[in-house]
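What you are looking at is a predicted structure, and each value in this text was computed from that prediction instead of being measured.
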Amino acid sequence: MTQRPEPRLPDPNIVLYDTLTRQKVTFEPTTPGRVGMYLCGPTVYSDAHLGHAKKEVAFDVIRRAFTHFGYQVRYVANITDVGHLQNDSDDGEDKMLARARLEQLEPMEVADKYMWSFVKDMEALNVLKPSINPRATGHIGEQIALITELIEKGHAYESAGSVYFDVRSWPQYGKLSGRRLDDQEEGVREAVREEKRDPRDFALWKNAEPGHIMRWESPWGVGFPGWHIECSAMSLKYLGEGFDIHGGGLDLQFPHHEAEIAQAEAAGHAFARYWMHNNMLTIGGEKMSKSKGNFLTIQDVLAQHDPMVVRFLLVGSHYRSITEFSDAAFESARSGYRRLSEALHEVERRLPGAPAGQNTALDAKIAAHVQAFEDALRDDFNTPKAVAALFGLTTDLNAAMNTGDVPRGTLEAAQRAYRDLGGEVLGLFAGGAAPTQSDDSQVVGALMDLVLKARQNYRLNKQYAEADELRDTLTKVGVTVEDTKDGVRWKR
């Protein structure tokens, strides 16, 4: 492996789609050379599902791309372990408490159990760990302080031990989703209407009724925070005012992200400058739903598919497009990932014995594919086009390797392209899918040379049945033997 080049200067030509302005804009960081990103993380009351995989992989690639383009990234993703009520309303039961009752556990046992399950899923999908992973229960003080600011500024009010945000006091409410306040569905129970000035007001702090296990002291009595307030408080704490990017699933745009903006800005704090949302996924052409019986957890999928194939399927669609999960989609992803990983493996298998020098014509093609890959990511992180550039690289490289030896310098350039772009940016080739050249792979290479010599001897002695049997055995363990005009070749 050749030495990596010096770190590059931050790229000023990255364009992203901003949900708030509903257009593509050129990214301009708050602090030159640095990116502050906040992602709404999971509510840890059950195993993570495919929707989480789509979101986490999408923003993981965006984070990796910024790093590749020379930025220093602080990536904050929260853990919701209190306050998220069922049906996303202000009158349901806390999801943590409902699961704790079902499993006969303490709420924090539930939170830790499913948080570590989520972490394990993300590790399998090669999602990088956040720079900071704050939990809602660890930031009750910050949430109370923000609620106090809102009350003092006349944008929130106390009622029966709870505190609500007064949406009528903030005319900009609805600017992210484009929903006019008068058009929003009221959809709340009459009992709750009596507690609110307006049925569309949302909870900042909820009064804890007797028997409610998760409870904290506050200026308004014993209670617990609403769902939305945690993200406003924690993003401001760790990224500062006017931070760069807030991300999340399209389903969070309203009411969660709308509420986050209102809470922060009404309290006088500059909030996220760019908003990015990933689209949903479908299974067999239908939106994933427990009621439809097509609900799949990440663990369900990883029990049947290579994690890198799952990740390849996800990066094969644009983050703002719907991703289809189906048998056909997985088969296509499996085939595509195999093609890339086998090409990388072949490059690294050849490197130790490759002749010195460069193939300038092939070097130019490799550089063009790298340029196409980076241009695709500069354009709103277009991963399908980036993957297409890797396939173009693979086509040209395989053609050259099939016609003879490729010089070491050119193989090293190809290896860098696969490892830096496919590996570091797209997050592929983890877990040994395409092993680097090591002592083990050198041993495998030497053994394969002996096996192929034995097969050739069988053929020279007209022992064709034995030669075919040897080839069939290799095929069963995933090794393909090819007879070409330049000799016998093998690949995984």
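D81 places no side-chain N or O within 3.5 Å of a backbone atom of V44 that could act as its donor or acceptor partner. A side-chain donor-acceptor contact under 3.5 Å links R64 to the backbone of E424. A donor-acceptor pair is defined here as one N or O able to donate and one able to accept, closer than 3.5 Å; such a pair exists between the side chain of E258 and the backbone of G174. A donor-acceptor pair is defined here as one N or O able to donate and one able to accept, closer than 3.5 Å; such a pair exists between the side chain of K55 and the backbone of C40. Remark: side-chain polar atoms of Q72 are not paired, donor with acceptor, to backbone N or O of G33 under 3.5 angstrom. Put simply, the side chain of Q358 never gets that close to the backbone of D363: no donor and acceptor are under 3.5 Å apart. The backbone N or O of A417 lies less than 3.5 Å from no partner atom in the side chain of R419, so there is not a single donor-acceptor pair. Side-chain atoms of N133 come within 3.5 Å of backbone N or O of A77 as a donor-acceptor pair. N402 places a side-chain N or O within 3.5 Å of a backbone atom of N398 that can act as its donor or acceptor partner. Between the side chain of E324 and the backbone N or O of G284 there is at least one donor-acceptor pair closer than 3.5 Å.
Ring orientation note: the planes of F330 and H305 are close to parallel, at an angle under 30° on the 30°/60° scale.
Under the 4.0 Å criterion applied to side-chain N and carboxylate O atoms, D251 and K287 are not assigned as salt-bridge partners. R378 and E374 are joined by a salt bridge, as a carboxylate oxygen and a charged side-chain nitrogen come within less than 4.0 angstrom of each other. Salt bridge annotation for R350-E346: present, with a cationic side-chain nitrogen under 4.0 angstrom from a carboxylate oxygen.
More than 12 heavy atoms of other residues, nucleotides or ligands lie within 6.0 Å of CZ in R135, so this atom counts as buried by the packing criterion. Counting non-hydrogen atoms of other residues, nucleotides and ligands closer than 6.0 Å to CD of E109 gives a total above 12. Within a 6.0 Å sphere centred on CD of Q371, other residues, nucleotides and ligands contribute more than 12 heavy atoms.
Every residue meeting the side chain to side chain donor-acceptor pair (under 3.5 Å) condition with E331, not counting sequence neighbours, appears here in chain and number order: R334. Contacts of D300 classified as side chain to side chain donor-acceptor pair (under 3.5 Å), with partners at least two apart in sequence or in another chain: T297.
With rounding to the nearest 0.5 angstrom, the CZ atom of F243 is 4.0 Å from the CZ atom of F271. To the nearest 0.5 Å, the span separating CG on D47 from CD1 on I298 amounts to 9.0 Å. We find the CD-CZ distance between Q415 and R408 to be 12.0 Å, quoted to the nearest 0.5 Å. A distance of 3.5 Å separates CD of E260 from NE2 of H246, quoted to the nearest 0.5 Å. How far CZ of F325 is from CD1 of I283: 7.5 Å, rounded to the nearest 0.5 Å. With rounding to the nearest 0.5 angstrom, the CZ atom of R311 is 12.5 Å from the CG atom of D306.
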Please list every donor-acceptor pair under 3.5 Å in which a side-chain atom of residues 383-396 meets a protein atom from a residue at least two apart or in another chain.
unit_1, atom_1, unit_2, atom_2, d
T383, OG1, V315, O, 2.7
T383, OG1, S317, O, 3.3
T394, OG1, L390, O, 2.9
T394, OG1, Y418, OH, 2.7
T395, OG1, R339, NH2, 2.5
T395, OG1, F391, O, 3.1
D396, OD2, H369, NE2, 2.8

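Ring-centre distance between F381 and F66: below the 6.0 Å cut-off.
Paired with D380 under the rule side chain to side chain contact (heavy atoms under 4.5 Å, CB included), one option of D18, I62, V25, L16 passes, and it is L16.
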Check the pair Q263, F202 against side-chain contact (heavy atoms from CB on, under 4.5 Å), reporting the backbone distance first and the verdict last.
-> CA-CA 10 Å; Q263 292 164 160; F202 57 86; 3.3 Å; yes
